[in-house]
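Everything on this sheet refers to the single structure shown next.
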Amino acid sequence: MNVTQLIIPELTLLAAAALLFLMGGSNAPKTRLLAPVVALLAMVGALVASLIGQRTGVRMDDTGSLAVTALSVYIKSISIGVGALFVLLAWPTSRDGASNRSISFSTETSEYFALLLLAITGMCVVASANSLPTLFLGIELASIPTYIMVTMSRPHQQAQEAGVKYFFLGALSAAMMLLGMSYLFGVTGEMRLDHIIDVLRRPADGPGIGGSLLMLAVLLMMMSFLFKLAAVPLHFYAGDVYQGAATPVTAAISFIPKIAGMTALIKLLYVAGAGTWALDPKLMKLVWIIAVLTMTVGNVLGLLQYNVKRVLAYSSIAHSGYLLVGLATLVHVKAPEQRGDALAAIAFYMLAYGVMNVAVFGVLMLLPAKVPAPARTAETYDDLAGAGWRHPVLGVVMALGCFSLIGIPATAGFFGKLYLLKPAIQSGNTALVWLAVLTMINAAISAGYYLKIVTAMWSKSDGAGTEAIRDTAHDSAYDLGHQAPATERSVPVLAAIALSAAGILAAGIVFPLTGAIYRAAASATAWLADGPR
Amino acid sequence: MPDVFTNIALQHYLIVGALMFAIGMIGFMCRRNLIVMFLCSELMLQGVAINFIAFGAFWGKLSGQAFVIFILAIAAAEAALALAIIVLLFRQKHTVDSQAFRELRG
Amino acid sequence: MVDPQTAFPVVISSLLAEVAGTSAQAATGPSAASAITSPVSPGAVVALCIVAGLATWLMLPGKREIAIRRVGAVILTAAALISAALLMRWTAAQGGMGAYFWIFSAIALVSSIRVITHTKPVYSALYFVLTVFATAGLFVLMWAEFMAAALVLIYAGAILITYVFVIMLASEAAAIGAGDNPAGTIPPEQDGISRSPLLASAVGFVLAGLLVYLILDKRNEIHRDVPHAATVAIVNQSGDTAHGDKAPGDTGHREELASAPALGKELVENHSINLQLSAILLTLAMVGAITLARRRVIVSEQDRLASVETVVVPGTPTDDNPHSILVYGTTNPRHKAYPEN
Amino acid sequence: MNFVIEHSYLIPLLPLLGALAAGLLGAKVLKHNSHWPIWIGVGASALMAIVLLVGMLTEHHEPGRMMYFMSHWFDWIVAGDEKTGIFNAAAGAFIDPLTAVMLAVVCGIGFLITVFSKGYMHGESGYFRFFAYLGLFISAMTILVMGDNLIMLYLGWEGVGLCSYLLIGYYYEKPAAREAAKKAFIVNRIGDFGFALGILLTFYCFGTVSFFGTGPGSNTGFLEKALHGIANPGTEVYVFWIPFCLMLGAFGKSAQFPLSVWLPDAMEGPTPVSALIHAATMVTAGVYMIVRLGTLFVGNSNAMITIAVIGAFTAIWAATIALRQSDLKKVFAYSTVSQLGFMFVGVAVLAPVAAVFHLITHAFFKALLFLSSGVVMHATGGELDMCKMSGLKRRLPKTRILMLIGCLALSGFPLLSGFWSKDEIVHAAGGKSLVLGAVMLFTSLLTAYYTFRLYFRVFEGPEKIPGGDHHHGLSQGDSESHGPAAQAHHNPEPLSMMLPLAILAIGAVFAGVINLPFAAGVREHALGHFLQQSPSFAMAARVATAKYGTLTDTDKLGLGQEPTSHVVEVAPLVIGGGAALIGIALAFVLHLQNRAKADELAGRFGSVTRVLDAKYWVDEIYQALIVEPARALGRLFWWFDRVIVGGASFMIGVIPQIGGAALKFSTQRGYLQGYAVSMLACLVLILLWMFM
């Protein structure tokens, strides 16, 4: 099939990114103010293009590098949809278009949005990649822009430190992935995933599959994808990076690489299981262990923190763990329909997590920090203290987001966890039932820090003295810059918050809507039957 | 398929690639100079490139070489970015010691 | 099982035979070799890896005397020689490897060890260039001639130059800062002292040992469609087969592997999308690098006090070229670093 | 009418939107105009309900044909598979004559009461809150009567329960109000437990919670399944218990003995609330539920007898308590309990039409009575003790007339609405069992007596106004119990309050017309014929026919069927009217002519009086038998919770924190290379584990 038809969403995003790069050459504030509009339009266009994409069957280009399946279409749609919210979060609101309250682009507004679009493009490429180089390049395309976004997001040393940590460890993980890919290519002699599956499906006495080398390849690639997911034991960077980056960027990097990594991981295990999920038992056990460790370590680390962004970083690790619970279920269950359930649950949770994430980070963006600095909004519990009384709507949304992240009923997160645990419990597999129990215990532990956020927001602290601090700090903090005052209102961010809050509530309360989203997610499981061919 | 490259030859090249990867990894872990660290990550990529070329020759396929081109492209891209970030960091603290940057922790 | 001590004389002889370009039939025949799962026993691999790891640890920059690091170098060389000898013996039993392989891989590995052990970053970079050259040599042995050229051009020619620039920039400024170290004899801390070298080399050599073991394990041998027992081809630098029958189409295939047009065709036909993706990545890296390098940084007060004022030579001419990119940026955020007109 | 059916979701939605508007904007924006959204929302719903009722009344009717409309709003909860039955609680409306009648009552009277409330609640601090609750209540009540499955019914049921709780506790500064709200809530929970159990059993037995599947006739609703005796295999034994479980819910909501204790206390709420929720609409939900699910009940004679006994007992028991109450609203509260007993008896003796008829007339006159006493309260500054007032007729002339009408209707004075509806129940009860009939008749007499005792005490006789010499007897204090703000009310009978009362009074007088036993301008038994088209009635009638063979004419009338002969039975009417007149006469003698005589009589039967004054010590018995043991159990649980559970949860809380601290200070130290080493070391460990 003609490749152009397959990648209309990607092409839309790329064209917009190119346009934004060109716009970056201009120095007029007007151009900068125009940049997010272009980005948003591109996102909307790409979303429409992706949504009207065909949902069943597999469409491939002539070279076999891309295979658009139901799963690809779903992942593309949710990533572009949530990506549009990231555009809203990063919307520059200062008059010169160089910053909003928590992010500072300096003069590179257009470049920032171009990078965001490219990262989303990378995610789309990962979603439809069908050959090892495409997968690799897709992952890199989803990651490299985020390294730059982290580093450029704030004129603080913190951001650059976060950037260098993220980038260097990312390069390390890329090297691991490449080593794994080289062995995978070596043992099968094929680059295309569907061909690899063919090779692995051949009878054992035919051309061999390299025994342990295949396992080595799978493990190395898996580790690299787990790095993107920030799963234990490759989670170490997450706290530092999320804390250092500007809040809108944190929101983006807690979603984009994660979804890309998860998608790649599902593909990898599908390929390694020769398209029938016939995985080595030890590998299945490994996925189980990593899922448990990831959610536990994430939740446990989140308890003793001072910085809310860091808390959310650890929470995102825990949520990777929940996604991995779905993956563990997927690889453990035997019945195809349960497999479908598990994959649909993962797909649903990705979307739910993205939306909840935007809500909490959006609220953090709108609340001022006690000690103001350019491109710094609320980050610590102190900053949040009593904010709910001053900004009731934001307080309520934050509570909603946190409840959803815990998984309290009447929120999207509840159904996310419900769908995740359902196939695990239904399978009757002891390991999976234990997994479900551990997930619930973890949800209880996570309540410890989420509720702390909510409590902080609604504590009786009146925030006295904030104004005074702000006045004295004003001169030193703002002398360098072009920062907009922290009281500025941001309609796009409010819109993003409202959209995500509405999403959380709607998915949590209106059962038919939840069902519809779940069915959309379940459509992605058609891929399981079709295979990547 | 023409058997121009045997298992034995393949294994030799693979061992060289693996050792180079491991040496690069050691350097990445213990050299504190950020520039050298990234140099070491390039070393790891070299090891992988040897693997790819060897496997490509083993299977008689050009795709191994093609992949190495992409690796080179990514290596170049990452190097450019890494050096930019290092310059940026150097401007703040006048050092490229990775240990100096630990404001974020916990 | 092969014991390193007893194997050593055999290895020497086979090495000599290799270099001479002839293939010597070693004491252990092919039948004996096929009986064991791995040509090198796991015990030997473990022992060698431990020795090599310890040696690397000794060699890595640290507070130790230079002599101790040299001891480490000697031990590492010995370990490398032993393992090379083991491999050579086995190879010889199977038919042998071309001498150029041993030379290039020795250069590549030794220089990569030097990359990570040298205390001067510039030297590390130069050793890396050497590694690249040796790797390019290995590529040529595998008929990847175009890739060898590309590697040298891109790495040694482009990337490494950038590295050297940045290293120079950093060490220059650091040298200005470190006033009491005029000659730069004592390397700065980040270069002179490694971070947890023992743990690092342990991890590295465990991984290396594991990989080597897995590669050599006969159970992991990769099979191809054609039966390969009869066509044990030993390939040397000139492409001659020393043993066995020459497979039909052999040379043609080799030519295809070595042909740049074929590679170009492969890239355009089978990897067109990947090619475009890497183009996008390069573009974005370029823009990203410029973006990052132009960032202004708000340096915290204590850092500003701690850092030494950069010495500006009065006579330094200012850069008036509108197209050059100022590293330090302007104070006015509304303007790009360069003038508009 | 078609519009209404198509857009039936508007009926609950509009009051809900009104409530949202009042609740969200009331505090800051609307303030004293908070009644507008509710007026508009409820008014529109009332209009739709009336249009619906009229439309259905004028619809051509063929005998034996059921009339119903189904309106599907959206799929709400769908779960389960073919094997266990699909749990499909669709949000949708089932509209049949019963629904139409109930909707008209709920929305119509609801609207009148919201109009009344504007004047009554004027100046209250939580003005917007009151109206928001009221809108929410109407919305929930309409969902209750429109729902086409048990889950919707339950949603509305709990919704009205919540509103009732909120409104009883409206004056939450007052401890008594708080206590009363809690009591109502807890007692209702007991009933709702039964109801929920009934729903679960229904689903277990029939595999569905819908009343009628796609429509009557198909076997997909559980009522049809019950009609045809189809239940899931092995569950037949549970079918027997379903009515008992549901009954418990109905008794809780409709305040039947012994779950009746909450209703008198509920009078702590504002008077319009007492009128609307605790007299006219919500408390009749139990009756509605049993009538709606009649198919399940009629076939189960044990259940029917239980309902009859409980209903009759409650009726007479509450009436006797009302004899000695001196608080106006308490009298009416006990009267409500008693009248609800009448309705249950009606349902139990196969006369659901009579029960619904009485429900309608009762809604009119009881709302009228409550609102009138509200006017009295308004005028006397919150005083309700009838011993402290007398002869208010000069101060409140209009109210007196309205009150008189209400009292006459309640006591069953001939030709007023209560006369027709109550006598129908008494007649039907007598047809089933003479003892039951006699008890109901005696209760009617008592009703007439206590009603007029109140009327004569308050409005007739020498003038005595509580609260001193202030104009109109208005005192400033006691604002907590009804609390008109400090501004003076120069007119105690403003038009906005009188107009709804007048409409209710008209209803109280003439509502009996809708089901006259003889043709007088309207068709005889019009309500019966109308309700006969409801699937619930028709199917109940079919079950009754199958169970009891041929039905008597009385039974047919009770179930809304065409009787075989059209003879007006005069005797029951005469007897009923006579009982009412005797009661009124007794009251006239004892409480107007010679009040001392009444006290003397009371003194002579001191023991009886004490029992009645103490309300049979029901509250005390509850306290001793239920509250105290529960409290002891609670203390035990508290200890368990604090020591065992608390200790465990403390550990659960602390262990992760210790782990977190360990991880935080060991692995998250901020060194880039430290992270790299940790990552790679873990990678190598994993590889070793996998390959060893």
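Note on naming: letters A, B, ... go to the chains in the order of the sequence lines (proteins, then strands), and numbering restarts at 1 for each one. All values reported here derive from a predicted model rather than from experimental measurement. The figures that follow rest on heavy atoms only: side chains count, while hydrogens, waters and symmetry mates do not.
For F104(C), no part sits under 4.5 Å from any heavy atom of chain B, backbone or side chain. For A49(B), the parts lying near chain C are the backbone and the side chain together; criterion is any non-hydrogen pair under 4.5 Å. Proximity to chain B (any heavy atom under 4.5 Å) is restricted, for L60(C), to the side chain, taken from C-beta onward. Looking at F128(C), only its side chain comes within 4.5 Å of chain B, counting heavy atoms on both sides. Using a 4.5 Å cut-off between heavy atoms, L45(B) contacts chain C through its side chain alone, with no backbone atom that close.
Ring geometry for W102(C) versus H12(B): interplanar angle over 60°, hence perpendicular rather than tilted (30 to 60°).
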Give the C-alpha distance, both sets of side-chain angles, the deciding distance and a yes or no for side chain to side chain contact (heavy atoms under 4.5 Å, CB included) between V166(C) and F38(B).
CA-CA 12 Å; V166(C) 174; F38(B) 215 80; over 6 Å; no
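Residues M29(B) and L199(C) form no side-chain contact, since every pair of their non-hydrogen atoms from C-beta on lies 4.5 Å or further apart. By the 4.5 Å heavy-atom criterion applied to side chains, Q65(B) and L257(C) are counted as neighbours. Within the 4.5 Å cutoff, no side-chain heavy atoms of L62(B) are placed close to those of L267(C). Looking at heavy atoms from C-beta onward, F139(C) lies in side-chain contact with I50(B) at the 4.5 angstrom threshold. In this structure, L275(C) and F70(B) have side chains that are in contact, with non-hydrogen atoms separated by less than 4.5 Å. Side-chain atoms of F146(C) and I69(B), non-hydrogen and from C-beta on, do get closer than 4.5 Å to each other. Contact check for Y13(B) versus L141(C): side-chain heavy atoms found under the 4.5 Å cut-off.
For R32(B) (side chain) and G192(C) (main-chain N/O), no donor-acceptor pair under 3.5 Å exists by modelled atom type. Checking side-chain atoms of R31(B) against main-chain N and O of I116(C) turns up a donor-acceptor pair under 3.5 Å.
In terms of heavy-atom proximity, A18(B) sits nearest to I215(C) at CB-CD1, 4.2 Å.
In terms of non-hydrogen atom pairs under 4.5 Å with chain C, the most contact-rich of L34(B), L72(B), V96(B) is L72(B). Taking chain C as the reference chain and counting heavy-atom pairs below 4.5 Å, the highest number among C40(B), A54(B), A100(B), G47(B) is found for A54(B).
Legend: residues meeting side-chain hydrogen bond (donor to acceptor under 3.5 Å, both in side chains) with E266(C), ordered by chain and number and at least two apart, are N270(C), H271(C).
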